[in-house]
There are 2 protein chains.
Amino acid sequence: MSPKPTADRRTPTSDPQGVAQQLRLDNQLCFALYAATGLVTRAYRPLLEPLGLTYPQYLAMMALWEKAPRTVSDLGEALGLDSGTLTPLLKRMEAAGLVTRTRDRADERRVQIELTDKGRHLKDAAAGVPFALACALDMPGEEIASLRTALQDMARKLRGREE
Amino acid sequence: MSPKPTADRRTPTSDPQGVAQQLRLDNQLCFALYAATGLVTRAYRPLLEPLGLTYPQYLAMMALWEKAPRTVSDLGEALGLDSGTLTPLLKRMEAAGLVTRTRDRADERRVQIELTDKGRHLKDAAAGVPFALACALDMPGEEIASLRTALQDMARKLRGREE
DNA sequence: GACAATCATATTGTACACAATCTAATTGGT
DNA sequence: ACCAATTAGATTGTGTACAATATGATTGTC
């Protein structure tokens with residue numbers, strides 16, 4: 001526990017104060033992000049299970065509640081996912097009776113995703129989810145908002161680099 | 001573009017200012033987190049590919065560079081992952097020659113994960129990764145640190161609820 | 001010392017996630 | 001009209017991620 005100058009902890013690489021600290025898990029923003037995402041996903045699970053949704057499906061439904069019908073690629077852009085992820089996800093949601101997938105007559109390459117009545121009505125059942133999760137987070141609203149803004153700013157910077 | 005009082009945007013459910021706003025993707029901390037994690041993972045990919053590591057494997061290696069040998073469950077606790085995820089991941093890392101997996105003689109239920117020389121030396125090659133990613137983030141160091149702290153605080157609260 | 005309970009890991013099944021590739025349809029230039 | 005380039009989805013293969021279950025070892029109790 002005492003950080004004495006006696007070198008009782010052998011550092012495999014000669015590294016007084018550089019790389020070893022840089023590569024510590026607890027010092028990584030990326031790991032904090034990774035761990036937080038995993039925990040949030042797990043916090044959603046019991047809330048979404050009664051609705052028959054997984055967490056990515058819930059995000060897709062939110063995107064569709066905002067705007068539907070819309071194409072697969074439009075949805076993919078909103079969620080930051082590609083067709084390899086969305087196609088099977090949407091097929092499962094179609095099998096669950098939440099959405100329909102129909103080819104666009106105007107451009108047969110496009111597939112339009114539309115909500116079914118069941119899918120639309122699920123919004124009412126989902127209305128309590130954000131509040132329930134906010135309770136689980138147990139953070140003041142403004143703290144949540146500032147964290148969200150910081151993450152969105154970071155995302156904007158990363159998005160700018162990839163195009 | 002003009003937010004006039006004329007109701008030109010029909011809201012499917014009667015919802016003047018409540019659920020529709022709550023369920024908007026852009027208002028969700030969870031989606032900001034989800035999207036940011038995906039983007040960060042993608043930002044790491046080109047940096048880790050030369051090392052032959054995926055992003056979760058890189059996290060596992062960081063945990064092992066800090067402390068090895070350690071058991072699968074110990075590693076799982078550090079990373080927030082269960083054995084169902086770690087076992088195949090560690091087997092791939094074993095196949096890549098980075099770690100060894102050996103049963104503990106004292107308690108045959110345990111599997112000790114140890115770094116190979118190749119795994120240990122990979123640390124030197126990984127030394128530049130955190131800096132390269134910090135450049136990609138293009139954020140002042142103190143902003144990164146405060147974001148990391150905020151995420152760790154949130155994680156602590158979520159972890160407290162599940163035990 | 002048998003034996004139930006517990007613990008550590010592995011296995012199985014389902015669900016994301018993405019790179020690479022394929023197919024088919026549209027568009028643009030000639 | 002033709003053909004190259006582009007675009008939209010689907011498919012395939014690899015790699016996480018977790019719930020549920022199985023297997024085998026250890027511990028506690030009698």
Side-chain angles (χ1 to χ4, degrees), chain A residues 30-31 34-46 48-49 52-61 69-77 79-96 98-99 101-113 162, chain B residues 30-31 34-46 48-49 52-61 69-77 79-96 98-99 101-113 162:
Chain A
C30 74
F31 178 62
Y34 178 84
T37 299
L39 286 163
V40 167
T41 302
R42 271 164 254 170
Y44 268 105
R45 212 186 306 277
L48 296 178
E49 203 220 327
L53 292 174
T54 65
Y55 179 59
Q57 287 173 9
Y58 171 65
L59 296 176
M61 288 302 288
R70 61 201 299 182
T71 64
V72 173
S73 60
D74 186 37
L75 197 55
E77 200 169 335
L79 296 173
L81 296 174
D82 69 4
S83 70
T85 300
L86 278 179
T87 296
L89 186 149
L90 290 168
K91 282 184 175 174
R92 281 185 285 269
M93 286 168 64
E94 185 184 34
L98 297 173
V99 302
R101 305 184 321 126
T102 53
R103 293 235 163 239
D104 192 331
R105 265 88 51 223
D107 184 343
E108 294 273 342
R109 294 172 305 177
R110 295 164 182 261
V111 171
Q112 295 286 348
I113 307 298
E162 57 180 14
Chain B
C30 73
F31 177 62
Y34 177 84
T37 298
L39 287 163
V40 166
T41 302
R42 271 165 253 169
Y44 269 104
R45 211 184 307 278
L48 296 179
E49 204 220 326
L53 292 174
T54 66
Y55 179 58
Q57 287 172 9
Y58 171 64
L59 296 177
M61 287 302 287
R70 60 203 298 185
T71 65
V72 174
S73 61
D74 185 38
L75 197 55
E77 200 171 333
L79 296 172
L81 297 173
D82 70 3
S83 71
T85 300
L86 279 179
T87 296
L89 186 149
L90 291 168
K91 282 184 176 175
R92 280 185 286 270
M93 287 167 64
E94 185 184 33
L98 298 173
V99 302
R101 305 184 321 124
T102 53
R103 293 238 164 235
D104 192 331
R105 266 87 53 219
D107 184 342
E108 293 273 343
R109 295 172 304 180
R110 294 165 182 258
V111 172
Q112 294 285 350
I113 308 298
E162 56 178 16

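Letters A, B, ... are given to chains in the order of the sequence lines, protein chains preceding strands, and every chain is numbered from 1.
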Please list, pair by pair, any protein nitrogen or oxygen found under 3.5 Å from a nitrogen or oxygen in nucleotides 22-27 of chain D.
unit_1 : atom_1 : unit_2   : atom_2 : d
D:dA25 : N3     : B:Arg109 : NH1    : 3.4
D:dT26 : OP1    : B:Ala106 : O      : 3.3

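- Following rounding to the nearest Å, B:Glu94 (CD) and C:dA10 (C1') show an atom-to-atom distance of 14 Å.
- In this structure, OG1 in A:Thr54 is found 9.0 Å from CZ in A:Arg45, a value given to the nearest 0.5 Å.
- In this structure, B:Arg101 atom CZ and C:dA8 atom P are separated by 17 Å, rounded to whole Å.
- When the P atom of C:dA8 is taken as reference, atom CD1 of B:Ile113 falls 15 Å away, rounded to whole Å.
- Annotation: side chain of B:Ile113 is in contact with side chain of B:Leu90 (closest heavy-atom distance under 4.5 Å).
- With sequence neighbours excluded, the residues that form a ring pair (Phe, Tyr, Trp, His ring centres under 6.0 Å) with A:Tyr58 are A:Tyr44.
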*Spell out protein contact along nucleotides 11-23 of chain C as letters: B when the base is contacted, S when just the sugar-phosphate is, - when no protein heavy atom is under 4.0 Å; keep the 5' to 3' order.*
B---SSBBB----

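- A straight line from CZ of B:Arg110 to C1' of C:dA10 spans 16 Å, rounded to a whole angstrom.
- Minimum heavy-atom separation, A:Leu98 to A:Leu53: CD1-CD2, 3.6 Å.
- Looking at A:Arg110, its side chain never comes within 3.5 Å of a backbone N or O of A:Arg103 through a donor-acceptor pair.
- Checking each of A:Thr71, A:Thr102, A:Asp104, A:Asp74 against A:Gln112 for a side chain to side chain donor-acceptor pair (under 3.5 Å) leaves exactly one that passes, namely A:Asp104.
- What separates CG of B:Leu90 from P of D:dA17 is a distance of 12 Å, to the nearest Å.
- Other residues, nucleotides and ligands contribute at most 12 non-hydrogen atoms within 6.0 Å of the CD atom of B:Glu77.
- Of the inter-residue distances, the one linking A:Thr41 atom OG1 with B:Tyr34 atom OH reads 8.5 Å to the nearest 0.5 angstrom.
- Atom pair A:Asp104:CG and C:dA24:P shows a separation of 19 Å (rounding to whole Å applied).
- As a whole-Å value, the separation of B:Leu48 CG from D:dG15 C1' is 14 Å.
- In terms of modelled atom types and a separation under 3.5 Å, the side chain of A:Asp82 and the main chain of A:Thr85 share a donor-acceptor contact.
- The nearest whole Å value for the distance from the CG atom in A:Asp74 to the P atom in D:dA8 is 11 Å.
- No contact: A:Thr41 has no heavy atom under 4.0 Å from any strand.
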